[in-house]
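Below is a structure I'd like to ask you about.
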Amino acid sequence: QGYLKDLLAGLEDLVYLRVSGDPAEFAQTLQRAGLRASVTGAQLAVEFDGERLYEIIWREAARHDVQIRRLERQGHTLEQLFLRLHGDER
C-alpha cells in the first residue's frame, strides 16, 4: 500500500464542476474561500484537499445562488500509473 501511495503522490487530484452562470466568477468565489480553483473550458477544476472541499463548494454555491450541475472527482487510471512507472507522464 505504501508503494501505491508513492505512485499516486504526484498525480493531480481534481474535482470538476459545471455550474450555472459564469464559471470564472464562481472559481474566484472558491479561491476567496481558500480553494485552488481554475477554469478549464466550460468547467471548473478544483484541487482536492480533503473532504472539506465539498462542504465549501456547496456552502458557497448556496450563498451565491449558483446551481451545481455536475460534480465529479477525477480518478487515477491504470494508464496514468503505467506511464508514471515508465517515465512518460502526460
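Keep in mind that what you see is a predicted model, and the values were worked out from it rather than measured.
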Shared hydrophobic cluster for Ile68 and Tyr54 (ILVMFWY, side-chain gaps under 4.5 Å): yes

To the nearest 0.5 Å, what is the distance between CG on Asp22 and CD on Gln28? 8.0 Å

Pairwise distance CZ(Arg70) to CZ(Arg18) - rounded to 0.5 angstrom: 6.5 Å

In sequence, state the C-alpha distance, the side-chain angles, and the governing distance for Thr29 and Val66, and then conclude on side chain to side chain contact (heavy atoms under 4.5 Å, CB included). CA-CA 11 Å; Thr29 297; Val66 171; over 6 Å; no

Main-chain N/O of Ala37 paired with Gln31 side-chain donor or acceptor, under 3.5 Å: yes

Closest heavy-atom pair, Ile57 versus Phe26, reported as atoms and distance to 0.1 Å, is O-CZ, 3.9 Å

Return the minimal non-hydrogen interatomic distance between Ala45 and Thr40, and the atom names on each side. CB-CG2, 4.3 Å

Of all the heavy-atom pairs spanning Gly34 and Arg52, show the shortest one and how long it is. O-NH2, 3.9 Å

Return the CG to CZ distance between Leu30 and Arg59, rounded to the nearest 0.5 Å. 9.5 Å

Nearest atoms (heavy-atom pairs only) where Pro23 meets Ala42: CG-O, 4.1 Å

Indicate the atoms forming the closest heavy-atom contact of Ala33 with Ile56, along with that distance. CB-CG2, 3.7 Å

Once you round to the nearest 0.5 Å, how far does CG of Leu35 lie from CZ of Phe48? 11.0 Å

Testing the basics here: between Val39 and Ala27, what is the closest heavy-atom pair and its distance to 0.1 Å? CG2-CB, 3.9 Å

Any chain of hydrophobic side-chain contacts (each under 4.5 Å) joining Tyr16 to Val19? no

Which value, rounded to the nearest 0.5 Å, describes the distance between Leu14 atom CG and Arg73 atom CZ? 9.5 Å

Got a salt bridge between Arg63 and Glu60, using NZ or NE/NH1/NH2 to carboxylate O under 4.0 Å? yes

Report the distance from atom CG of Leu71 to atom CG of Leu44, rounding to the nearest 0.5 Å. 10.5 Å

